[in-house]
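Only one structure is covered here, and it is reproduced in the block below.
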Amino acid sequence: MDKLETLWHSTGLFHLSGGQLIMLLVCLGLLWLAINKKFEPLLLLPIGFGGLLANIPVAGLAESAISQAMHFGSQDLLASMAQVLGMDADAGREALYKAAEGAGPAVQDQLHHLAQKANYGDGILYLIYTVGLMTGIFPLLIFMGVGAMTDFGPLLANPRTLLLGAAAQFGIFAALLGALALNFLGMEFSLADAAAIGIIGGADGPTSIYVTTKLAPELLGAIAVAAYSYMALVPIIQPPIIRALTTAKERTIKMEQLRPVSQTEKILFPILLLVLVALVLPDAAPLLGMFCLGNLMKESGVVSRLVDTTSNALINIVTIMLGLAVGAKLSAEQFLVMETLGILVLGLVAFMIGTATGVLMAKLLNRLSHHPVNPIIGAAGVSAVPMAARVANKVGLEANPHNFLLMHAMGPNVAGVIGSAVAAGVLLNFAG
Amino acid sequence: MDKLETLWHSTGLFHLSGGQLIMLLVCLGLLWLAINKKFEPLLLLPIGFGGLLANIPVAGLAESAISQAMHFGSQDLLASMAQVLGMDADAGREALYKAAEGAGPAVQDQLHHLAQKANYGDGILYLIYTVGLMTGIFPLLIFMGVGAMTDFGPLLANPRTLLLGAAAQFGIFAALLGALALNFLGMEFSLADAAAIGIIGGADGPTSIYVTTKLAPELLGAIAVAAYSYMALVPIIQPPIIRALTTAKERTIKMEQLRPVSQTEKILFPILLLVLVALVLPDAAPLLGMFCLGNLMKESGVVSRLVDTTSNALINIVTIMLGLAVGAKLSAEQFLVMETLGILVLGLVAFMIGTATGVLMAKLLNRLSHHPVNPIIGAAGVSAVPMAARVANKVGLEANPHNFLLMHAMGPNVAGVIGSAVAAGVLLNFAG
Amino acid sequence: MDKLETLWHSTGLFHLSGGQLIMLLVCLGLLWLAINKKFEPLLLLPIGFGGLLANIPVAGLAESAISQAMHFGSQDLLASMAQVLGMDADAGREALYKAAEGAGPAVQDQLHHLAQKANYGDGILYLIYTVGLMTGIFPLLIFMGVGAMTDFGPLLANPRTLLLGAAAQFGIFAALLGALALNFLGMEFSLADAAAIGIIGGADGPTSIYVTTKLAPELLGAIAVAAYSYMALVPIIQPPIIRALTTAKERTIKMEQLRPVSQTEKILFPILLLVLVALVLPDAAPLLGMFCLGNLMKESGVVSRLVDTTSNALINIVTIMLGLAVGAKLSAEQFLVMETLGILVLGLVAFMIGTATGVLMAKLLNRLSHHPVNPIIGAAGVSAVPMAARVANKVGLEANPHNFLLMHAMGPNVAGVIGSAVAAGVLLNFAG
Amino acid sequence: MNTLMAQGLELMLIGMGVVFSFLIILVAVTTLMSLLVKRFGQAPAVSAATTTAAPAGDMPSPAVIKAIEKAVRQHRQSQQ
Amino acid sequence: MNTLMAQGLELMLIGMGVVFSFLIILVAVTTLMSLLVKRFGQAPAVSAATTTAAPAGDMPSPAVIKAIEKAVRQHRQSQQ
Amino acid sequence: MNTLMAQGLELMLIGMGVVFSFLIILVAVTTLMSLLVKRFGQAPAVSAATTTAAPAGDMPSPAVIKAIEKAVRQHRQSQQ
Ligand code: NA
Ligand code: NA
Ligand code: NA
């Protein structure tokens, strides 16, 4: 009956911690939001499921081989790993693991070798995270796909709307300051942490994930969940703010019809944008570079088979993997902390402030220029493509049933993508 | 004319060993089965072709850079590698290679560095095998794709058929015992080897490959070939066993029509299954987790573009790579051994016993319950989706031309997938 | 205002070197060729864009973490890296970097660790290059896709045309000799360099890239650009050469209609080809092996879903990545050298000589055989599939408006693919 | 060798035990779930999700329908 | 803690400054580009590229049209 | 330098030799194969494989045909 006890000890129930139980429930909640509430299901479904997988006790799907060996290995294995670390085997599993995490590459190689010989392998989510997120390649490939699906036509027809996309990035920095202010309430956010939290206000999934992976990987789970949830909540968050900051009359402003944009302009724009990035803000080059590549491939019209794959098979594969990798960071010890609450609150604040500054900027433009700008479209400057543009259209139709703002709002909408990528470059440069 | 000799020495004929010649013929045979006999061509064609590539002399497509350098490198290179190993250069190439295989990571890094400087690189099949199979990621991605193509409807309409899928796993453990018994005939199977052989009886390609890679990688070639060949032979193997164990009257039993299953049930099932795995059998979590993810994506209906890619581009890419990687293990020294014969025999035995216990379980259910169960569908419990269900349907139609068992057999058929993944979890836990 | 200076120091303009500026212009030129002139846009667009990305100052997209840390790291970081190298920190950044490049794996691991701790990561193009090109896997996967799109029917109907594909490879070796001759003019090409340059004459993108990555990676940018540009220029390069070497009467020769080819022959051909490679020229096994795999999958007709993915999603994904990786090698210090001029000239020479020898071989065949061969189709032996065959057709129609040579030219056209892969095997074996 | 057989037998007992236990629990859980869904599940939120998601799969997209209509029109004109 | 807030404020100033500067430059560059394109851009080479590339996207391929015609024919015959 | 040229010449000789030898053998082997296939190849097994596999490529799937029929019907009703 020795094996029966082994059997019981090998169940998940025997090892299930309270934290894991709560995280399993949280992840079921994310799946419910994704499936029943249609909250950005393309990302939240894989994230939620990845979180479930990551919190299965003992299975170690989100753990390295070393971590699994350290936590569940035999005493012999532990002793030999302690020896490699030059430590006492009685130091305790957690102390040894901490030491292993801080060790240099040669020691880690040896520990990995020992773990593998004892049949512990890197968990699949850990591998996906390491290969795809720590290198930054997944968010960059998704950004390429997003570029291949973006139409800069409305922006080119009315380039002033780029300024709306600039103003809406104020939410990012407000949330950054807010995060630092929360330190007075006992939280512990570094400048890098605060920058990663602020970027939620960029309302751009891949940008948030890219920045967070570089600046504050331990916050990735909370930040990604907040970013995608608030993007899904844009239709609820934005309208009251828009209404509060505009008069009914302003909301009925009709805008001039957009001029047709030639293909030559559409081809030249991503190239110009990239050159500008190269000369001014190289830190934004990975994000905006891949974005421009996708867009140039689309607009050039000469590589349609590559565009088709980029915006279908490739982005879909990477989306699944990215979601799983983010889910791998939904561990109890990283998610069930006060800081997560702070992140959720600040993310919301960032969205709200970004919406507000976008609208106010539009009102300012209206004063300075003869061409009328309906301030509603300023809200679309946070990006959250194309949801925010649709919200702007809807709020506009409420004010005037014959006023279709959708195309006008697409300008600031894609400008917001550029704006937050630029902000991301600044944050990576100064808070990195 | 120095170069002419070099030229002759660089031909394959000069280096072709008897074992390689036989393996080339074996692989041509696999291609013939795949193309002319339509034996699971999606897997057997890449496996057979991978085997051809792996057995091309000198080319080293399935060899590491170190192995190629050790076997074909100059005397100087050999001497410097021997020095790294702290051995005498005269020890012989094989002895040095053995030592290299057992060396720690630091030494291997140095040897790899030396090999690369001498222009030896890892073979492409070796790379694919290392990246995709040793990590387990290929079979898991395929399982996700299979999940995205699986309909649990028939199973949910008649959950009792899960028990048929349980009973049919008996073949796995019978073959395991058989493998251990063959040790009395002079073979040398460890418990882990026996477990890997037994899993052929699970009639599930990705499960077999996943388990074998973890427990007995040197048997992978033989086990994968056996698993896919017998899956293709299901229409020949199963009918006589079904007929032998059932009366003509039993085979004409009509089953009640399956009730319609709501989408809510279909969405909840993969989640329930995963939670159960998490609590009871975490060792099965990687396999069943990815399977449930694929199924949940499909049934949720909110991520259809991800499902489309998962069940097309992604699974196709991985299938080619998986096949090539398995083919990389079809080397003479690992395949042309008595053990391979044992594996082929035991694989067949496992299929036969699984079929039999599935049918017998159905007869038992018939005694215990008022709802009639046609025992033919028990045979589908081995999985081999959807071939075994079609075979059940065909045998049923022979007995009664108006009795369509296909949908009824799909229940035990997919139950068999779950059953063998559960068995795989147990084997990985206890024989690993 | 400390930060403002940091800001200015972090712009690209501050760091932009003259070489980078020129390379940015060169890459814009490549994009212009790809988009406006339709020069092989599938490859030249990603290559050109990758080149833009690689030449963005400071961003380091094509640099390793170590390189970035060495070039832009703080003095402290530099000192600790110098210590690992056992050097003096005052040795200068370039000297330290040279030493790092030549260091063994253990030292490089430590340097990489230090760089990562200081927030320097491998650039995305560097990663793609390392994973996809240094391993050879990208060109091999593309070759598999090309195989899946190749029809050997015309070749099988008239196997003699294989000889045209053989003769046209003369351009490869002529360019090789030419490269060595340029050494007398002060360039410095090794035998391996010359071999990589010669292979441009093979008129096969993946073959060129595969060979160059193995033999002369520092020439990759120039060679890939030359190879794809000349392939696009085939309609301009070939006709005058064809006309110069043939009489008007020869150009009007009508060829016998091609016999129908059975599917069995088409299935057996890639297998035969692979077996021949295995026995005679294992060095060509990776290239021709993957090519034959793709073709066998297509002709077998039993794995059409794999063929579909191979010749669409997979080849498209790899094409983008391959292009970016090649673009990563378009750095000023490797491209803006006299050698690049030599490569461009020799590539053109190789194309011209290959065209000429193909035509002359066809004339020779015409003397030896009773079956008429229109010498125009000899030009298609350089490969450049299917452009060269179309050119042959067009030149043929000029001479005789009723003489359709397209299908006849497809034979030597695909023979040229085999021929240059064979030549590549020889070069890898003797110049490697 | 005999110990190995004993281990194998034990593994068979445990293995078939776990497989059956697991699948029996799954039968129970699944049946219970189906019952609960039947009683409570047709709540508006869920069924709405269900119905809006369903058509995606088997309706031809508007673009396809347009293409077809165009083709049909061309086809007719060519037959007149 | 206060230094951190100061750093944050500085980062906000720099960040919004860079974002606005960058996008204002982009407005200028884009406007200029559009002007130049309007004046010089409709050169034949470019517009040719534009027109030949365009149709690829929204025309059904010949194979699809063939398949549709076939289906239409079958459909009619089955209704006669 | 001269040795290098000599090596290059040798490589050219060997290279063109191998290319021609290989492709001449391939001509022979291919011709032989075609002859054998013509004589023995049309065995029932192979030709069956050939014919069953062929149609997969160019027939529209039943689902597509259904969708088309539906579209045609809708199209007609909308024109009545
Ligand atoms: Na944004
Ligand atoms: Na099974
Ligand atoms: Na060629």
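Only heavy atoms go into these numbers, but all of them, side chains included; no hydrogens, no water, no symmetry mates. The sequence lines fix the lettering, A, B, ..., with proteins before strands; numbering per chain opens at 1.
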Handout entry: Minimal non-hydrogen separation, A:Ala431 against E:Leu11, with atom names
Key = CB-CD2, 4.3 Å
Problem - Taking every non-hydrogen atom, the tightest pair across E:Leu23 and A:Ala166 - result: CD1-CB, 3.5 Å
Completion exercise
CG of E:Leu35 to CD of A:Glu265, rounded to nearest 0.5 Å, is 9.0 Å
Practice task
Provide the closest heavy-atom pair for A:Ala167 versus E:Met16 in the form atom of the first, atom of the second, distance.
Solution key: O-CE, 4.1 Å
Problem - Atom group of A:Leu272 that falls short of 4.5 Å from chain E, counting heavy atoms - result: side chain
Handout entry: Which of A:Thr161, A:Leu276, A:Val261 touches chain E most, by non-hydrogen pairs under 4.5 Å
Key = A:Leu276
Handout entry: Heavy-atom contact with chain A under 4.5 Å, split by part of E:Leu9
Key = both
Problem - Side chain, backbone, both or neither of A:Val277 within contact of chain E (heavy atoms, under 4.5 Å) - result: both
Problem - A:Met352 CE: over 12 foreign heavy atoms closer than 6.0 Å - result: no
Handout entry: Proximal to chain E - members of residues 421-428 of chain A, heavy-atom separation under 4.5 Å
Key = A:Val422, A:Ala423, A:Val426, A:Leu427
Completion exercise
Minimal heavy-atom distance between E:Ile14 and A:Phe430, with the atoms involved, is CG2-CE1, 4.0 Å
Completion exercise
Between A:Leu162 and the options E:Ile24, E:Ile25, E:Val27, the side chain to side chain contact (heavy atoms under 4.5 Å, CB included) test singles out E:Val27
Completion exercise
When every non-hydrogen atom of A:Leu163 is compared with those of E:Phe20, the smallest separation belongs to O-CE2, 4.1 Å
Completion exercise
Checking heavy-atom separations under 4.5 Å from chain E, one finds in residues 279-287 of chain A A:Val280, A:Leu281
Problem - Contacts of A:Val385 that satisfy side-chain contact (heavy atoms from CB on, under 4.5 Å) - sequence neighbours left out - result: A:Ser383, A:Met410, A:Asn413, A:Val417
Problem - Heavy-atom side-chain proximity of E:Gln7 to A:Leu180 below 4.5 angstrom - result: no
Handout entry: Reported CE-to-CG distance for the pair E:Met5 and A:Asn183, which is rounded to 0.5 angstrom
Key = 9.0 Å
Practice task
Would you name the heavy atoms of A:Phe189 and E:Leu4 that are closest together and state the gap between them?
Solution key: O-CD2, 3.6 Å
Practice task
Hey, could you give me each pair passing salt bridge (charged side-chain N to carboxylate O under 4.0 Å, His left out) that has a residue in residues 361-373 of chain A? Not counting sequence neighbours.
Solution key: A:Glu250-A:Lys363
Practice task
Identify which part of A:Leu177 has an atom lying under 4.5 Å from any heavy atom of chain E, answering side chain, backbone, both or neither.
Solution key: both
Problem - A:Arg259 versus chain E, the contacting section by heavy-atom distance below 4.5 Å - result: side chain
